[in-house]
Asker: 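After the structure tokens below, expect a handful of questions from me.
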Amino acid sequence: MAEWGVKTELVAFAQELGFDLCRVAPASAPPHAAEFRAWLDDGRAGEMSWLERNKERRTDPQAVLPGAKSVVVLAMNYWQEDRSQESGVGSQENATPTPDSCLLSTDSSPPGRIARYAWGDDYHEVIEKKLAAIDAWLRARGGLQRCYVDTGPVLERDFAALAGAGWHGKSTMLIHPKLGTWFFLAEVLTTLDLAPDSPMPDHCGRCTRCIDACPTGAITAPHQLDARRCISYLTIELKGSIPMEFRPLIGDRIYGCDDCLDACPWNRFARSSREAAFAPREFVHDWTLRDFLALDDDGFRALFRKSPIKRIKRRGFLRNVCVALGNVGTADDLEALTRAALDPEPLIAEHAAWAIARIRERTADR
């Protein structure tokens, strides 16, 4: 029999920990399990091989936690105001510089854009500590748990939608009427039988702004995403060389992409997160692309300590920086790129050489 009292107390405890939502779904098979398998079989996951390795567990909560009865879905708002809008430095929204807008010579290198979720501390570390408290709280009431933040073998958006933490947007992102799309999800599978919540109706209607906003056409149809075309995949998950056809489309983005999120009308209700750890760090607005290009391994590790950006390592990050400079850099950036073209890391050297050729082509045209 579902426990209402424990559920009510759990919601209050989650709010005390800083979560913005705490909802419950039954620990049954996720409704889009078949679609997930077909997506994998079609190769649209790209190089994310771990999804294939865990596909059976992802589609069966009992394979993750035998005896699981409930999935506690937790959401935490991470939206932060963009102070560069006021300072005039590196606007992060709807302001991708184009080659035509770049001068041949400038006083400083242009900035790069970083997805909002990576502006502050690594959300995995922030939320995992809070999940440990949830786990202890449920254990004290007789439950056994498995807790995950993003990386666990759980189709988290399916369970979040079942629990009424939002609905599936056409971009495949989950949308909540008050939080928009700017929130992290976490799940706690538990053997406790908690009262489930009801799903939320779809409120996207005929809107296709997220699809129209995608620079690479990664949202191939409503609720269909080809990860191989997504800038977040290309700049984060892809480990090797970025395909030539996508490099110009990446623009000034150096870690992830928020275009489909920025375009969503529901995000006009966004409010700043209560979690101080998600506040923007200095590299978000105060560093230029050329500044990043000067980082050695030690400098990279120091700058991005406790940041989600650290996971792509210096080679991946400077690869992205070179691509951005190739798209929006100026003649003033050629000296730094020439040094990068001699970097011992072949991935960086290759993309630096491409960026040099792009800038020279632009300046020659002028």
Side-chain angles (χ1 to χ4, degrees), residues 1-30 54 57-79 117-118 120-166 173-174 176 178-200 271-279 306 308:
M1 177 137 183
E3 300 184 39
W4 287 92
V6 172
K7 168 27 177 343
T8 301
E9 293 176 5
L10 174 61
V11 170
F13 181 59
Q15 290 175 340
E16 290 176 13
L17 290 173
F19 288 105
D20 295 278
L21 293 174
C22 177
R23 312 276 291 186
V24 176
S28 54
N54 287 325
R57 299 181 71 206
R58 287 178 185 274
T59 55
D60 181 9
Q62 300 305 315
V64 179
L65 177 63
K69 292 185 174 62
S70 307
V71 180
V72 179
V73 175
L74 299 147
M76 182 171 288
N77 172 28
Y78 67 82
W79 191 85
Y117 85 85
D121 291 351
D122 191 334
Y123 65 98
H124 298 95
E125 297 177 17
V126 173
I127 295 177
E128 281 170 358
K129 294 176 183 177
K130 300 177 186 295
L131 289 183
I134 294 279
D135 179 36
W137 192 93
L138 291 171
R139 275 191 283 113
R141 287 150 182 82
L144 295 176
Q145 285 73 234
R146 292 288 184 273
C147 305
Y148 300 106
V149 186
D150 184 38
T151 56
V154 179
L155 293 186
E156 60 179 11
R157 293 179 197 172
D158 258 18
F159 288 110
L162 279 176
M173 298 296 291
L174 205 72
H176 185 272
K178 292 184 178 179
L179 299 175
T181 55
W182 306 109
F183 57 93
F184 298 122
L185 287 172
E187 300 76 44
V188 179
L189 279 69
T190 179
T191 55
L192 293 177
D193 189 10
L194 304 175
D197 292 291
S198 299
M200 186 178 293
R271 296 291 181 270
S272 293
S273 172
R274 295 181 291 157
E275 178 53 65
F278 298 148
K306 295 188 176 181

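All heavy atoms count here, side chains included; hydrogens, waters and symmetry mates do not. Note that the coordinates shown come from a computational prediction; the quantities given were computed from them, not determined experimentally.
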Asker: What are the two closest non-hydrogen atoms of Val24 and Ala195, and how far apart are they?
Answerer: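 Looking at all heavy atoms of both residues, the shortest contact is CB-O, 3.6 Å.
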Asker: What residues, two or more places apart in sequence or in another chain, satisfy side chain to side chain donor-acceptor pair (under 3.5 Å) together with Asp122?
Answerer: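 Side chain to side chain donor-acceptor pair (under 3.5 Å) list for Asp122, sorted by chain: His124, Lys310.
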Asker: Ignoring hydrogens, what is the shortest heavy-atom contact between Glu125 and Lys129? Give both atom names and the distance.
Answerer: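 Taking Glu125 first and Lys129 second, the nearest heavy atoms are O-CG, 3.4 Å.
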Asker: So, Thr191 side chain and Leu144 main chain: donor-acceptor pair closer than 3.5 Å or not?
Answerer: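 A pair under 3.5 Å: yes.
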Asker: Check whether any side-chain heavy atom of Phe183 sits under 4.5 Å from a side-chain heavy atom of Ser273, and report yes or no.
Answerer: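 No, every pair of side-chain atoms sits at 4.5 Å or beyond.
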Asker: If I take atom CZ from residue Arg141 and atom CD from residue Glu9, how far apart are they, to the nearest 0.5 angstrom?
Answerer: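 Here the rounded value is 5.5 Å.
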Asker: What's the shortest heavy-atom distance between Leu192 and Gly142, and which atoms?
Answerer: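 Minimum heavy-atom contact is CD2-C, 4.0 Å.
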Asker: Donor-acceptor pair, distance only, cut-off 3.5 Å: does the side chain of Gln145 make one with the backbone of Cys147?
Answerer: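 Flag not set: sc Gln145 to bb Cys147 has no pair under 3.5 Å.
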Asker: With a 4.5 Å heavy-atom cut-off, do Thr190 and Ser70 have their side chains touching?
Answerer: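 In contact.
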Asker: Any pair with a residue in residues 142-158 that passes salt bridge (charged side-chain N to carboxylate O under 4.0 Å, His left out), sequence neighbours left out, goes on the list, sorted by first then second residue, please.
Answerer: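 Checked against salt bridge (charged side-chain N to carboxylate O under 4.0 Å, His left out) - neighbours excluded - no pair reaches residues 142-158.
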Asker: Can you measure from CG (Leu179) to OH (Tyr78) and round to the nearest 0.5 angstrom?
Answerer: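 Leu179 atom CG to Tyr78 atom OH measures 11.0 Å (nearest 0.5 Å).
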Asker: Kindly write out the residues that satisfy ring-ring contact (aromatic ring centres under 6.0 Å, His included) with Phe278, not counting sequence neighbours, or none if the list is empty.
Answerer: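 Scan of Phe278 (ring-ring contact (aromatic ring centres under 6.0 Å, His included), adjacent residues dropped) gives Phe184.
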Asker: What pairs with Lys69 under salt bridge (charged side-chain N to carboxylate O under 4.0 Å, His left out), at least two apart in sequence or on another chain?
Answerer: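 So Lys69 forms no salt bridge (charged side-chain N to carboxylate O under 4.0 Å, His left out) with any residue.
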Asker: Scan for side chain to side chain donor-acceptor pair (under 3.5 Å) pairs involving residues 58-67, sequence neighbours excluded, and state none if there are none.
Answerer: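 As it turns out, the side chain to side chain donor-acceptor pair (under 3.5 Å) pairs with a partner in residues 58-67, which skip direct neighbours, are Arg37-Thr59.
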Asker: By side-chain contact (heavy atoms from CB on, under 4.5 Å), which residues pair with Leu10, not counting sequence neighbours?
Answerer: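 side-chain contact (heavy atoms from CB on, under 4.5 Å) check on Leu10 returns Cys22, Val72, Ile134, Trp137, Leu138, Leu194.
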Asker: When you compare the side chain of Ile127 with that of Phe19, does any pair of heavy atoms fall below 4.5 Å?
Answerer: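 A side-chain contact exists here, since the closest heavy-atom pair is under 4.5 Å.
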Asker: On a heavy-atom basis, which atom in Leu74 and which in Ala14 lie closest, and how many Å separate them?
Answerer: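 So the two residues come closest at CD2-CB, 3.8 Å.
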Asker: Test: salt bridge (charged side-chain N to carboxylate O under 4.0 Å, His left out). Region: residues 13-22. Which pairs qualify, not counting sequence neighbours?
Answerer: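 Output for this query lists Asp20-Arg274.
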Asker: Which residues pass the side-chain contact (heavy atoms from CB on, under 4.5 Å) test with Ala165, sequence neighbours left out?
Answerer: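 Testing Ala165 for side-chain contact (heavy atoms from CB on, under 4.5 Å), a comparison that skips the adjacent residues, returns Leu21, Arg23, Val73, Ala160, Leu174.
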Asker: What closest approach, in Å, do Phe159 and Pro26 show between heavy atoms, and which atom pair accounts for it?
Answerer: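 Reported closest heavy-atom pair: CE2-O, 3.8 Å.
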Asker: With Arg139, which residues qualify under salt bridge (charged side-chain N to carboxylate O under 4.0 Å, His left out), at least two apart?
Answerer: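 Once residues adjacent in sequence are excluded, the partners of Arg139 under the salt bridge (charged side-chain N to carboxylate O under 4.0 Å, His left out) criterion are Asp135.
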Asker: How would you list, by chain and number, every residue that makes a side-chain contact (heavy atoms from CB on, under 4.5 Å) with Gln15, sequence neighbours excluded?
Answerer: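 Checked Gln15 against side-chain contact (heavy atoms from CB on, under 4.5 Å); matches are Val11.
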Asker: Using the salt bridge (charged side-chain N to carboxylate O under 4.0 Å, His left out) criterion, which residues pair with Glu128? Sequence neighbours excluded.
Answerer: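 Per chain and number, Glu128 pairs via salt bridge (charged side-chain N to carboxylate O under 4.0 Å, His left out) with no residue.
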Asker: Rounded to the nearest 0.5 Å, what's the gap from CG on Leu155 to CD on Glu187? Could you check?
Answerer: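 Going from the CG atom of Leu155 to the CD atom of Glu187 covers 9.5 Å.
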Asker: Answer yes or no: is there a side-chain heavy-atom contact under 4.5 Å between Lys7 and Asp197?
Answerer: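 Of all side-chain heavy-atom pairs linking Asp197 with Lys7, at least one is under 4.5 Å.
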Asker: Once side-chain contact (heavy atoms from CB on, under 4.5 Å) is applied, do any residues pair with Ala132, and if so which ones, sequence neighbours excluded?
Answerer: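 For Ala132, no residue satisfies side-chain contact (heavy atoms from CB on, under 4.5 Å) once neighbours in sequence are set aside.
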